[in-house]
2 protein chains.
Amino acid sequence: MAKKAHRRERREQSLSRDRIIAASIQLLDRRGERGLTFRALSERLATGSGAIYWHVANKNDLLTAACDALVVRTMNQTVVTTPKATIRAVALGLFDVIDEHPWVGSALTSALGLSPIVRILERIGQQIRALGVADDEQWAAVGTLMAYILGVSRQNAANRQLARARDLDRSDFLEEVSNAWSKLDPKEYPFVRSVVAQIRDHDDRVDFLAGIDLILMGIDSPRRRRRPRR
Amino acid sequence: MAKKAHRRERREQSLSRDRIIAASIQLLDRRGERGLTFRALSERLATGSGAIYWHVANKNDLLTAACDALVVRTMNQTVVTTPKATIRAVALGLFDVIDEHPWVGSALTSALGLSPIVRILERIGQQIRALGVADDEQWAAVGTLMAYILGVSRQNAANRQLARARDLDRSDFLEEVSNAWSKLDPKEYPFVRSVVAQIRDHDDRVDFLAGIDLILMGIDSPRRRRRPRR
DNA sequence: ACCTGAACACCGTTCAAGT
DNA sequence: ACCTGAACACCGTTCAAGT
């Protein structure tokens with residue numbers, strides 16, 4: 001008599017950091033942020049939960065690594081042309097990854113000085129330099145763009161997740177939001193009520209790029225008080 | 001013989017949503033995001049964990065409510081003067097609350113259409129209107145500012161938390177980041193390496209306001225191609 | 001109407017023990 | 001060196017039962 005009636009078939013590939021990260025991305029995509037679990041992961045990888053800790057420090061490390069993998073992929077996909085076009089491409093690339101993988105948005109906050117953020121800073125920074133922005137203003141410019149890109153992308157992703165959680169598609173969701181906003185007290189919320197119409201049929205990606213252009217315009221326009229003649 | 005040797009003294013005040021929210025804020029401030037627990041909360045409020053569910057739908061509801069309480073307070077504290085000054089004041093107010101209560105940053109993402117976000121949109125929107133921005137461009141302007149404010153504040157808060165977790169003060173933390181960045185490959189990371197010096201002695205609040213001004217400049221500057229003469 | 005607290009179905013992380 | 005899986009110390013949420 002065999003010791004175990006039906007032993008689990010052993011995984012064919014041996015465990016590795018990369019395989020763990022790939023499985024994590026799948027889990028996060030398919031089941032959301034709360035779907036990434038050491039139990040779910042070890043089941044999917046046909047291993048013990050403790051084995052994962054041999055390749056990965058902890059859950060946070062795992063999340064950052066998954067994030068970084070996607071950021072690297074995105075950066076490699078954007079072609080470098082003129083500075084402004086490149087900035088737009090990087091921005092849109094990040095917007096789209098976060099739209100597709102909403103968990104990237106929240107994970108990306110975690111640590112300045114950590115690789116995914118640094119990669120993005122570098123990419124944008126090089127373009128800001130190419131634009132001829134003064135040395136001592138480069139940091140502010142890059143920081144502003146960075147904050148904007150992550151800020152909008154994250155908010156967009158949050159909305160999508162909210163919609164998905166309630167089984168609504170994009171337009172149903174916007175419908176619901178604009179309905180809720182229409183019911184606000186017009187005395188207390190005149191502005192929000194006045195943009196209800198705009199909310200309903202706006203295009204997130206277009207708005208996003210409009211904001212980028214707004215910031216690029218600010219970067220380009222003369223600092224200080226008076227405008228130098230051209 | 002008494003049934004219980006030392007019965008727990010009963011709370012003097014009866015439970016209420018407000019008291020629960022106040023206690024949650026304290027817990028979040030003192031012990032961080034992971035310190036908000038129904039068990040910790042019920043102990044602090046001298047009640048059963050289930051009792052809290054009578055006043056609050058679930059943990060997410062609780063988090064949003066705590067968030068909203070602080071946003072309301074902040075909005076009430078900012079004085080309205082000129083449009084741009086008001087925008088700066090609102091922005092700085094939010095920056096500071098999030099700096100002081102880092103968990104507000106992450107909780108604020110959650111839901112468009114939910115009160116704290118709507119409150120902020122309204123406040124900024126009214127100023128954008130007062131600036132005379134065209135109707136169909138107001139939404140983009142407000143959205144950009146909003147994303148920027150939340151984006152930077154959140155990143156700042158994340159850094160502070162990271163520093164606190166490692167028992168470093170601000171300058172030690174920046175020291176560490178700039179050290180790490182100095183070690184990056186200069187061929188791969190020329191930009192990041194060139195701004196290492198700026199990172200070390202920059203003032204977050206000043207940079208933050210510089211970004212706001214950058215965006216306000218963009219909002220003010222003529223759209224389309226050509227500049228109208230003044 | 002409001003509160004209690006045990007019970008349920010989960011977590012991340014550790015670690016002695018195996019190969 | 002790498003893996004196993006039980007054990008530990010937690011979670012959020014529910015719910016019969018109490019007042």
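No experiment lies behind these values; they were computed from the predicted model shown. Every chain is numbered from 1, with letters handed out A, B, ... down the list of sequences.
One interatomic measurement links the two molecules: CD of A:Glu33 to C1' of C:dC11, which rounds to 16 Å at whole-angstrom precision. Rounding to whole angstrom units, CZ of residue A:Arg34 and P of D:dC11 are separated by 16 Å. In this structure, A:Leu45 atom CG and D:dC2 atom C1' are separated by 15 Å, rounded to whole Å. Going from atom CZ of B:Arg31 over to atom C1' of D:dC11 covers 15 Å, rounded to whole Å. C:dG5 atom C1' lies 16 Å from atom CG of B:Leu41, rounded to whole Å. For A:Ile52 and C:dC11, the CD1 to P distance is 13 Å, given to the nearest whole Å.
Judged by distance alone, with hydrogens and angles left aside, the side-chain atoms of B:Ser153 form no donor-acceptor pair with the main-chain N or O of B:Leu150 at under 3.5 Å. Between the B:Thr37 side chain and the B:Ala40 main chain, no donor and acceptor come within less than 3.5 Å of each other. The closest donor-acceptor contact from the side chain of A:Gln127 to the backbone of A:Thr86 lies at 3.5 Å or more, if one exists at all.
A:Asp99 has no carboxylate O lying under 4.0 Å from a charged side-chain N of A:Arg205, or vice versa, which leaves the two without a salt bridge. Look at A:Asp61 and A:Arg17 and you find a salt bridge, because one of the NZ, NE, NH1 or NH2 atoms lies within 4.0 Å of a carboxylate O, short of that distance.
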Letter per nucleotide, 5' to 3', of nucleotides 12-19 of chain D [B base touched, S only sugar-phosphate touched, - untouched; heavy atoms, 4.0 Å]: BBBB----
Side chain to side chain contact (heavy atoms under 4.5 Å, CB included) assessment of A:Ile212 paired with A:Ile149: CA-CA 8 Å; A:Ile212 295 280; A:Ile149 293 170; 3.8 Å; yes
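You'll find the ring centres of B:Phe208 and B:Phe95 inside the 6.0 Å limit.
Within the structure, every side-chain polar atom (N or O) of B:Trp54 is placed at least 4.0 Å from both OP1 and OP2 of C:dC3.
Stretches of at least 3 consecutive Watson-Crick or G-U wobble pairs, with each checked distance under 3.5 Å, appear in DNA chain D as C:4-8 with D:12-16, C:12-16 with D:4-8.
Note that CG of A:Leu45 and OG of A:Ser24 are 7.5 Å apart. Values are rounded to the nearest 0.5 Å. A distance of 10.5 Å separates CZ of B:Arg123 from CZ of B:Arg119, quoted to the nearest 0.5 Å.
Here, C:dA17 and D:dC2 have their P atoms 22 Å apart, quoted to the whole Å.
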